[in-house]
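Atom set for the values below is all heavy atoms of this structure, side chains included, hydrogens, waters and symmetry mates excluded. Proteins come first, then strands; the chains are lettered A, B, ... in the order of their sequence lines, and each starts at number 1.
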Protein chains: 2
Amino acid sequence: MKNSCLTTKEIENVLKSKGIQPTAQRIAVCKYVLCDADHPNVDEVKAWADENFPKISLATVYNTMNILVEVGLIKTLRFPHSDKAIFDNNTSIHHHFIDEKTSKIYDISSDEVEVKSKLSNDFEVKEYSVLLVGNKV
Amino acid sequence: MKNSCLTTKEIENVLKSKGIQPTAQRIAVCKYVLCDADHPNVDEVKAWADENFPKISLATVYNTMNILVEVGLIKTLRFPHSDKAIFDNNTSIHHHFIDEKTSKIYDISSDEVEVKSKLSNDFEVKEYSVLLVGNKV
DNA sequence: ATATTTGCAAAGCCTTTGCAGGGGA
DNA sequence: TCCCCTGCAAAGGCTTTGCAAATAT
């Protein structure tokens, strides 16, 4: 579940609307991260950028990902099986299934897994997500 | 939701039953981690051990935690807000609520949050847990 | 002209590893 | 005795930071 792919112009507008200067590096990263990427970590973003952009440093990739998280265009995920941050361009409520063997992450829609809270009112829930672990056949 | 506190003898037996040599350091760590600890990270385990045990190295703490995870006495958790591993001595199905402001983790029982999966059969779910984020008042 | 961003390298955490010394079976 | 465990220090992986040069407004 991703944003449909955006043109360069559209990415520029998205960034500007969030108060982010649309530099060439940031646009390049966004092209991948907001469109084609599927739960990438920083290495994957860097690898894609190295192939599709003249020059970008790892520091700039980190910097850009952090900015995108700050303005809410993407979210950071962390799962027990890895200490690397993983990024998700789907910022609405949904869940994740991780294949034990391959570590591949599958997005699971809210329709597919239903969560009913009976928590007392002193827990003000702002967001939630289910992590499912198992085998995908 | 924790194991009720165990005597040294009981911890020794637990470790032996898992094929782990009950050394003094391991017993000390277990006293904290299997009983009193509430979602500790390694630093907290080390700090506790420094106060309650003559001498233990950070490497041994890491080593012991990894062993406890391997034999299933505890589980590793990771949450988006921190890159540190967090350990949970409750190994049965339950959920977690994180207070946005304090980062305190609350255990949520399966009774309090119900999960219903409508996933197709090619997702073989072995375990699952819900992460809730918000404010605790 | 001014402020922001980039790239590089260094530094900072968290965690693992190598190895010599020590202790338990 | 032999093997495993511990502690220390070094190394490794991920991420952030400092700063000078380059770029954008």
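Residue B/Lys46 contributes atom NZ, which lies 14 Å from atom P of C/dT15 at whole-angstrom precision. Summarising the geometry, the separation between CD on A/Glu12 and C1' on D/dT25 is reported as 14 Å, rounded to the nearest angstrom. In this structure, the CD atom of A/Gln21 is 13 Å from the P atom of C/dA3, given to the nearest Å. Atom CD1 of A/Ile27 and atom C1' of D/dT23 are 13 Å apart (whole Å). Going from atom NZ of A/Lys84 over to atom P of D/dG12 covers 16 Å, rounded to whole Å. Computed from coordinates, the A/Glu70 CD to D/dT16 C1' distance equals 13 Å when rounded to whole Å. Rounded to an integer number of Å, the gap from A/Leu58 CG to D/dT17 P is 14 Å. When the C1' atom of C/dG24 is taken as reference, atom NZ of B/Lys16 falls 12 Å away, rounded to whole Å.
Listed pair B/Ser57 / D/dC8 fails the phosphate criterion, with no side-chain N or O lying under 4.0 Å from OP1 or OP2. For the OP1/OP2 pair of C/dT6 and a distance below 4.0 Å, the side-chain nitrogens and oxygens of A/Thr23 include at least one atom meeting the criterion. Within the 4.0 Å cut-off from OP1 or OP2 of D/dC14, not a single side-chain nitrogen or oxygen of A/Asn41 is found. Note on B/Lys55: every side-chain N or O is 4.0 Å or more away from OP1 and OP2 of C/dG22. Within the 4.0 Å cut-off from OP1 or OP2 of C/dT16, at least one side-chain nitrogen or oxygen of B/Asn66 is found. Between B/Tyr62 and the phosphate of C/dT15, there is a side-chain N or O to OP1/OP2 separation shorter than 4.0 Å.
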*Take A/Asp111 and B/Lys118 through the test salt bridge (charged side-chain N to carboxylate O under 4.0 Å, His left out) and record every step on the way to the result.*
CA-CA 8 Å; A/Asp111 299 336; B/Lys118 299 168 190 165; over 6 Å; no

*Under the side-chain hydrogen bond (donor to acceptor under 3.5 Å, both in side chains) criterion, do B/Thr91 and B/Asn89 qualify, and how do the steps go?*
CA-CA 6 Å; B/Thr91 56; B/Asn89 59 18; over 6 Å; no

*Passes side-chain contact (heavy atoms from CB on, under 4.5 Å), A/Arg78 versus A/Lys84? Steps please.*
CA-CA 7 Å; A/Arg78 284 180 206 271; A/Lys84 292 187 188 179; over 6 Å; no

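Distance from the side chain of B/Val42 is smallest for C/dT15 among the nucleotides C/dC14, D/dT17, C/dT15. Side chain of B/Thr60, nearest nucleotide from D/dT6, C/dT15, C/dT16: D/dT6.
In terms of heavy atoms, A/Thr60 sits closest to A/Gln25 at CG2-CB, 4.0 Å.
When side chains are defined from C-beta on, B/Phe87 does not count as touching B/Asn41, because their heavy atoms never get closer than 4.5 Å.
Among the protein residues, B/Asn63 comes within range of the sugar-phosphate backbone only, with heavy atoms under 4.0 Å from sugar or phosphate atoms but none that close to a base. Here A/Ala24 lies out of heavy-atom contact (under 4.0 Å) with every strand.
DNA chain D is contacted by both B/Gln25 and A/Ile86; B/Gln25 maps to the nucleotide lying nearer its 5′ end (nearest heavy atom per residue). Residues B/Asp43 and A/Arg26 both approach DNA chain C. Their nearest nucleotides, taken by heavy-atom distance, put A/Arg26 toward the 5′ side.
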